[in-house]
Every structure is written in structure tokens, then in C-alpha cells.
Amino acid sequence: MGVQFRTTRFGELDLPPERVLTFPRGLIGFAGVRRFVLLDNPGGGPFQWLQAVDVPDLAFVVTDPRLFFQDYQVPVGDEDLRSIGIERIDEGVVVVILVVPHDPRRITANLVGPVVINLRDRLARQFVLEVPGYSTRHFLFLQEETAAAPLVLSHRSREPKDPC
Amino acid sequence: MLVLSRGPEEGIMIGEEVEVRVLEVRGDRVRLGIVAPPSVSVHRKEVFLSIRRENVAAVAAEASSLAGALDLLARGPAAEPEDRAGTGGRPPAQSGN
């Protein structure tokens with residue numbers, strides 16, 4: 001039997017149990033919501049949706065940060081990795097959560113709070129990175145890198161300007 | 001909220017494994033030392049709050065904007081309206097390794 005649940009954005013879903021990811025600590029600010037599924041964006045592209053199984057209207061757009069920020073690193077300690085059943089970061093899938101406003105040029109990625117998913121054991125967790133320069137609101141497309149703090153990353157979606 | 005007065009080199013224990021120690025008080029700044037097992041994550045509160053704020057904002061995603069985002073990706077880098085960025089553009093969504 002599949003896991004059947006209702007969603008606001010995607011209607012009724014019926015997915016195999018192995019598609020369900022467990023966030024033992026929830027997401028930051030949503031600690032009580034533990035079960036999510038990762039859905040491909042219906043319109044395609046490098047976007048996916050992290051949809052809560054138990055809260056129909058709770059869904060986040062996520063993407064692979066390395067598609068946009070080639071140098072993005074996720075320095076997470078061994079003990080934190082073990083909390084989701086992996087030993088090395090490259091055993092997991094890293095996604096970042098996007099804020100998607102009406103104007104697509106103003107889409108931002110939260111590089112400070114990446115989500116690491118252990119697909120093998122279907123465990124996931126949002127980590128807090130204390131990396132100087134990483135912003136919670138990094139633009140995917142706009143050339144101003146962020147509305148908040150400066151960020152030191154090479155950005156795939158912009159042409160190299162004068163080296164600083 | 002439990003309120004305790006502590007001075008330099010004094011501390012508190014939270015449970016049996018987490019220690020918070022006052023290292024230095026200077027003006028309006030307090031330097032704290034925290035001893036906690038690796039399984040306990042310790043972060044500055046404002047970092048935690050900023051992630052929470054973005055998570056909350058992310059729930060209200062405008063799904064229709066993603067179609068526009070795909071257009072921006074297809075157009076390639078430096079998304080100026082008049083900048084056609086080459087013919088066909090390179091696919092930015094590839095080669096993430």
C-alpha cells in the first residue's frame with residue numbers, strides 16, 4: 001500500500017512508502033512536521049518541492065545549490081552527519097530552500113540552512129552553517145548578490161565581472 | 001524563564017552534559033563558553049531566527065514564478081532583458097559537479 005495524503009498544491013498523492021523522508025527534528029520553525037516527500041517541479045527545471053505529508057499546504061521549493069553556486073560547501077560535523085545516518089557529506093543529497101516571490105528574478109536561496117537528505121535511509125535534516133559570507137537570501141539570478149550580507153561565492157548565473 | 005545571576009568564571013549546567021560558562025563581562029558584552037556534546041548543536045540565536053524566517057517565507061512560494069525562472073535559466077547568465085546572451089544559450093542547469 002502506498003502512502004496516501006492530500007496536498008494543496010498537488011492534489012491527492014499516493015506514493016510508495018519509500019518515498020517518504022523523515023526529518024527527526026523537522027525543519028527550523030516547523031519542528032513538529034517530520035514527514036516530507038520530494039516531488040519534481042511539475043513545470044520541470046532544476047526545482048523540486050519538499051511537500052509535507054501531514055500538512056497539506058506546507059511545501060517548499062528546493063534546488064541543488066551547486067547548479068547556481070559552484071563553490072558551495074556544506075561543512076557539517078561528523079556527529080551531525082551521523083544523526084542522519086551518513087559518514088560523509090557526499091553520501092547525502094544537498095538542497096537549499098528557495099523563497100519564490102512573484103518576480104522570478106528575485107528568487108532567493110537560503111545558503112545558511114541547507115537540507116541534507118540521506119536517500120538510502122530516507123532521513124533528512126536542515127543544518128545551520130556558520131560560514132562567513134553565506135546569506136539566507138542569496139539571489140539566484142540578480143547580480144546584486146544578496147539583500148543582506150555580502151557573499152563570497154562564484155555565481156554561475158552571472159558573467160564574471162572585473163576581478164576584485 | 002529561569003533567571004540566574006552569574007559572574008565571570010561562574011556557569012550553569014543544562015542537564016548533565018551542557019555547560020554554559022561566563023568567561024568575561026565587558027561593558028554591554030558577555031563572552032560565554034559553551035561545553036556540549038557533539039550531538040547538541042549550538043548556534044547564535046539570530047542565525048537560527050533568520051533561517052526560521054526564511055523557511056516561513058518560503059512556504060508562500062509563487063509556483064507560477066518558477067516558469068519565469070526557467071525562462072531566465074534558458075536565457076543564460078546576466079539576465080538583462082535586452083541581453084540575449086548568445087543563441088540558444090548554454091544550459092545552466094547542467095554540470096553541477
Side-chain angles (χ1 to χ4, degrees), chain A residues 9 25 27-30 41-47 49-50 52 57-68 70 77-80 82-83 97-110 112-113 126-130 135-137 140-143 148 155-160, chain B residues 15 17-18 31-97:
Chain A
R9 293 179 184 274
R25 302 168 186 234
L27 285 162
I28 294 169
F30 300 91
N41 181 45
F47 305 112
W49 291 78
L50 202 52
D57 62 356
L58 189 63
F60 303 88
V61 182
V62 300
T63 193
D64 173 355
R66 300 257 170 78
L67 297 178
F68 297 90
Q70 287 171 284
D78 292 346
E79 190 77 19
D80 284 337
R82 276 196 286 275
S83 74
I97 296 177
L98 305 182
V99 172
V100 182
H102 181 69
D103 180 353
R105 292 172 304 168
R106 303 197 69 80
I107 294 173
T108 58
N110 181 351
V112 181
Q126 185 172 31
F127 289 103
V128 177
L129 302 185
E130 302 243 9
S135 159
T136 54
R137 292 183 182 173
L140 284 193
F141 300 110
L142 281 182
Q143 299 212 2
H155 194 309
R156 179 171 277 271
S157 71
R158 39 177 261 184
E159 291 289 4
Chain B
E17 293 187 300
V18 178
R31 280 167 58 82
L32 300 174
I34 294 133
V35 182
S39 59
V40 174
S41 52
V42 178
H43 301 288
R44 288 171 298 142
K45 183 178 177 183
E46 60 268 30
V47 175
F48 185 86
L49 291 180
S50 70
I51 293 176
R52 187 171 73 178
R53 186 187 61 217
E54 293 309 301
N55 281 353
V56 169
V59 176
E62 295 261 2
S64 58
S65 274
L66 292 179
L70 295 181
D71 289 343
L72 291 172
L73 284 168
R75 210 184 298 165
E80 300 293 332
E82 62 283 330
D83 176 9
R84 302 212 174 82
T87 54
R90 66 173 191 219
Q94 283 184 3
S95 70
N97 301 323

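Numbers restart at 1 for each chain; the letters A, B, ... are given by sequence-line order, proteins then strands. In this text the structure is predicted, and so the values were computed from the model without any measurement.
- Taking CG of A:Leu129 as the reference point, atom OG1 of A:Thr136 lies at 12.0 Å (rounded to 0.5 Å).
- Contact of B:Val47 with chain A is made through the side chain alone, with heavy-atom distances under 4.5 Å.
- For the side chain to side chain contact (heavy atoms under 4.5 Å, CB included) criterion with B:Ser50, the lone passing option out of B:Arg53, B:Arg52, B:Glu46 is B:Arg53.
- Contacts between B:Ala63 and chain A at a heavy-atom distance below 4.5 Å involve backbone atoms as well as side-chain atoms.
- Put simply, of B:Pro37, B:Ser39, B:Ala57, B:Ala67, the one with the most heavy-atom pairs under 4.5 Å next to chain A is B:Ser39.
- No part of A:Arg82 comes within reach of chain B, as not one of its non-hydrogen atoms sits under 4.5 angstrom from that chain.
- Among the candidates B:Ile51, B:Val59, B:Asn55, the single residue satisfying the side chain to side chain contact (heavy atoms under 4.5 Å, CB included) test with A:Ile97 is B:Asn55.
- Both the backbone and the side chain of B:Arg44 have a heavy atom closer than 4.5 Å to some heavy atom of chain A.
- Using the six-membered ring where Trp is involved, A:Phe30 and A:Phe60 have ring planes that are perpendicular, over 60° apart on the 30 and 60° scheme.
- Proximity to chain B is limited to the backbone of A:Asp57, based on heavy atoms less than 4.5 angstrom apart.
- For the set A:Pro65, A:Pro101, A:Pro42, the entry with the most heavy-atom pairs within less than 4.5 Å of chain B is A:Pro101.
- Going from atom CG of B:Leu66 over to atom CG of B:Leu73 covers 10.0 Å, rounded to the nearest 0.5 Å.
- For CZ of A:Arg9, the number of neighbouring non-hydrogen atoms (other residues, nucleotides, ligands) closer than 6.0 Å is greater than 12.
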